[in-house]
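Hydrogens, waters and symmetry mates are skipped; everything else that's a heavy atom, side chains included, is used. Residue numbering restarts at 1 for every chain, and letters A, B, ... go by the order of the sequence lines.
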Number of protein chains: 2
Amino acid sequence: MTEKDLPSSSKAQAIAAEVRRRIVDREWRQGDRIPDEAELAVSFGVARATVNKALQLLADEGLLYRKRRAGTHVAVNPARKATLTIPIVREQVEQAGMVYSHRLVAQKTAPLPPEVAARMALAAGSPLIHVRSVHFGDDAPYQFEDRWINPVAAPGVESVDFNRLNPNEWLVRNFPWSRADMNFRAENADATDARMLETRQGTALLVLERTTWNDLGAITSVRLAFRPGYNMVAIP
Amino acid sequence: MTEKDLPSSSKAQAIAAEVRRRIVDREWRQGDRIPDEAELAVSFGVARATVNKALQLLADEGLLYRKRRAGTHVAVNPARKATLTIPIVREQVEQAGMVYSHRLVAQKTAPLPPEVAARMALAAGSPLIHVRSVHFGDDAPYQFEDRWINPVAAPGVESVDFNRLNPNEWLVRNFPWSRADMNFRAENADATDARMLETRQGTALLVLERTTWNDLGAITSVRLAFRPGYNMVAIP
DNA sequence: TCGCAAAATAAGTTTAGACATAGAGTGTTA
DNA sequence: TAACACTCTATGTCTAAACTTATTTTGCGA
């Protein structure tokens with residue numbers, strides 16, 4: 001067993017691909033312990049660090065389970081991971097070949113409602129900037145955005161005109177976050193959603209809710225309702 | 001500018017954290033070019049490989065943009081990524097502290113409908129195994145699974161009794177995939193969804209659709225409809 | 001037989017050094 | 001001035017060697 005052909009770009013990736021193949025082809029079965037890094041390094045004719053990199057990759061994918069001293073095993077129930085890219089709406093729309101536009105529906109300071117306060121770990125009733133806007137692709141509603149922005153963590157919000165630059169981009173450019181939590185679900189469109197997205201009340205909408213933080217606390221909490229039929233793609 | 005305190009486990013992670021901090025605190029601003037690896041290595045008192053690892057990490061996160069010769073820049077519009085873990089349903093239910101059970105609704109060989117055929121790149125009408133089952137948590141419907149399995153890519157399916165082991169686990173254990181595509185959306189429950197998930201027709205449901213492949217072709221294509229109100233969490 | 005400490009081992013991480021390579025910058029020439 | 005080839009540089013990747021650390025195994029003693 002010496003070096004294989006190198007179909008992929010780097011040696012590490014080639015080794016990862018070969019190990020993946022052995023697993024998929026059931027040469028190495030679920031639960032099996034695979035040869036240790038040193039052995040693989042010899043058999044592939046590379047340094048151990050290179051094998052390590054390859055195996056780390058597969059472990060991140062969830063295909064391998066590694067433990068010190070115990071060795072590397074093929075995962076029994078590979079709970080595979082998928083990556084979601086959350087792009088800037090405008091870029092997403094433009095990439096789909098549509099013309100982007102957005103309409104600011106409301107921008108005002110308002111007392112924070114309790115359920116948003118809970119998500120942001122702030123006191124209910126605190127004065128936050130409440131922004132609602134709709135993003136369009138070729139003049140059809142694409143996404144309805146309902147956002148609360150904390151002027152403490154994002155100083156300067158009060159005096160921004162979100163008609164020019166949409167809140168998403170303004171925040172992304174000016175307030176990188178250090179922590180975020182994000183989740184999504186399906187919701188039946190309420191009256192507002194329906195009006196904003198030009199659809200009927202009750203239509204199933206994919207809703208993404210995200211709260212971001214920096215050292216000063218919660219920056220923003222947003223609810224994004226996508227247009228009916230929107231399909232989110234995840235890459236394994 | 002010498003070494004900082006090392007809050008995290010490894011040096012690479014500590015450096016990544018420090019760089020992240022400088023970006024979040026706007027010491028390094030969007031679009032700025034940051035010092036090159038060699039310089040950072042000196043200022044942090046580590047080897048270049050360690051700095052490289054740290055910066056790679058942040059580039060994967062989408063926070064940095066790196067190009068040969070041009071250097072490393074702070075991303076202008078950081079389209080951040082989030083990771084979804086798609087666990088085995090049973091494990092997910094049990095982790096939530098509920099008792100798992102599942103009910104096989106149907107298991108038969110049937111001609112492949114056109115839209116599924118398209119997803120699997122197979123000829124419509126091919127005989128595939130069609131399995132429908134419901135997963136329960138504490139006797140409440142948790143997920144409705146509608147799955148097509150290709151006996152060519154997954155030999156042995158014909159003779160498996162999915163009453164004992166659910167199709168998801170059987171496949172995961174026996175047919176690791178090499179490629180998958182996955183996407184999700186919101187759908188209004190149709191009559192079948194409603195019956196299976198014990199809800200009303202029209203209820204918004206989070207639907208995940210996934211097709212997996214190995215060398216022999218498409219293994220399986222599945223539509224998972226989650227119980228109403230289900231919340232999917234993504235980790236940044 | 002049980003409990004515990006010591007030894008062994010495999011992964012995890014780092015280092016210094018080397019070479020590869022994309023691609024920005026520069027200078028030459030038509 | 002534009003097209004082209006050349007140079008140079010920052011990242012990308014790999015290596016060999018060492019050290020660290022979690023965990024299993026072993027072996028000793030009660």
K.L.:
Roughly how many Å is it from CZ in A/Arg68 to P in C/dT13, rounded to a whole number?
P.N.:
7 Å
K.L.:
Does the side chain of B/Glu209 reach to within under 4.5 Å of the side chain of B/Phe184, using non-hydrogen atoms?
P.N.:
no
K.L.:
Is the shortest heavy-atom distance from the side chain of A/Met182 to the side chain of B/Val233 under 4.5 Å?
P.N.:
no
K.L.:
Apply salt bridge (Lys or Arg N to Asp or Glu O under 4.0 Å) to A/Arg20 and list each qualifying residue two or more places apart in sequence or on a separate chain.
P.N.:
A/Glu61
K.L.:
Name all residues meeting the ring pair (Phe, Tyr, Trp, His ring centres under 6.0 Å) criterion together with A/Phe226; count only those two or more places apart in sequence or in a different chain, and write none if there are none.
P.N.:
A/Tyr230
K.L.:
Salt bridge (Lys or Arg N to Asp or Glu O under 4.0 Å): which pairs involve residues 27-36 of chain B, sequence neighbours left out?
P.N.:
B/Arg21-B/Glu27
K.L.:
Starting at the 5' end of DNA chain D, write a dot or bracket for each base, bracketing those in Watson-Crick or G-U wobble pairs whose two distances are under 3.5 Å and using | for partners on another strand.
P.N.:
||||||||||||||||||||||||||||||
K.L.:
Mind telling me whether B/Phe175 and B/Trp170 have parallel, tilted or perpendicular rings, with 30° and 60° as the class edges?
P.N.:
tilted
K.L.:
Evaluate the side-chain proximity of A/Leu64 to A/Ile23: yes if any heavy-atom separation is below 4.5 Å, no if none is.
P.N.:
yes
K.L.:
In residues 50-60 of chain B, which ones come under 4.0 Å of DNA chain D, going by heavy atoms?
P.N.:
B/Asn52, B/Gln56
K.L.:
Does A/Thr211 have any side-chain hydrogen bond (donor to acceptor under 3.5 Å, both in side chains) partners at least two apart in sequence or in another chain, and if so, which?
P.N.:
A/Ser221
K.L.:
What are the atom names and distances for every N/O pair under 3.5 Å that joins the protein to nucleotides 5-7 of chain C?
P.N.:
none

K.L.:
Just how far, in rounded Å, is P of C/dA24 from CZ of B/Arg33?
P.N.:
11 Å
K.L.:
Does some side-chain heavy atom of A/Leu122 sit less than 4.5 Å from a side-chain heavy atom of A/Leu128?
P.N.:
yes
K.L.:
How many Å lie between CD on A/Glu37 and P on C/dT13, as a whole number?
P.N.:
11 Å
K.L.:
So do A/Gln30 and B/Pro176 actually touch side chain to side chain, heavy atoms under 4.5 Å?
P.N.:
yes
K.L.:
Under 4.0 Å between a side-chain N/O of B/Lys67 and OP1 or OP2 of C/dA24, yes or no?
P.N.:
yes
K.L.:
Distance under 4.0 Å to a non-hydrogen atom of chain B counts as contact; along DNA chain D, which nucleotides mark the start and end?
P.N.:
D/dC8 to D/dT13
K.L.:
Would you compute the distance between atom CZ of B/Arg210 and atom CD1 of B/Ile86 and round it to the nearest 0.5 angstrom?
P.N.:
6.0 Å
K.L.:
Quick one, A/Leu165 and A/Arg173 - any side-chain contact, counting heavy atoms below 4.5 Å?
P.N.:
yes
K.L.:
Just to be sure I understand the rule, does B/Ala12 reach a base, reach only the sugar-phosphate, or reach nothing, if contact means heavy atoms closer than 4.0 Å?
P.N.:
sugar-phosphate
K.L.:
Sort me out a list of protein N/O and nucleotides 16-19 of chain C N/O pairs below 3.5 Å, or just none if empty.
P.N.:
from	atom 1	to	atom 2	distance (Å)
C/dA18	N6	B/Arg48	NH2	3.2

K.L.:
Please list, one pair per line, the donor and acceptor atoms closer than 3.5 Å that link side chains of residues 147-155 of chain A to other protein atoms, with sequence neighbours excluded.
P.N.:
from	atom 1	to	atom 2	distance (Å)
A/Arg147	NE	A/Glu145	OE2	2.6
A/Arg147	NH1	A/Thr220	OG1	3.2
A/Arg147	NH2	A/Glu145	OE2	3.1
A/Asn150	OD1	A/Val152	N	3.0
A/Asn150	ND2	A/Ala218	O	2.9

K.L.:
In whole angstroms, how far is the C1' atom of C/dA11 from the NE2 atom of A/His73?
P.N.:
12 Å
K.L.:
Could you pull out all residues at least two apart from A/Arg90 that satisfy salt bridge (Lys or Arg N to Asp or Glu O under 4.0 Å)?
P.N.:
A/Glu94, A/Glu169
K.L.:
Please list all pairs passing the side chain to side chain donor-acceptor pair (under 3.5 Å) test where one or both residues lie in residues 152-164 of chain A, with sequence neighbours left out.
P.N.:
A/Asp161-A/Asn163
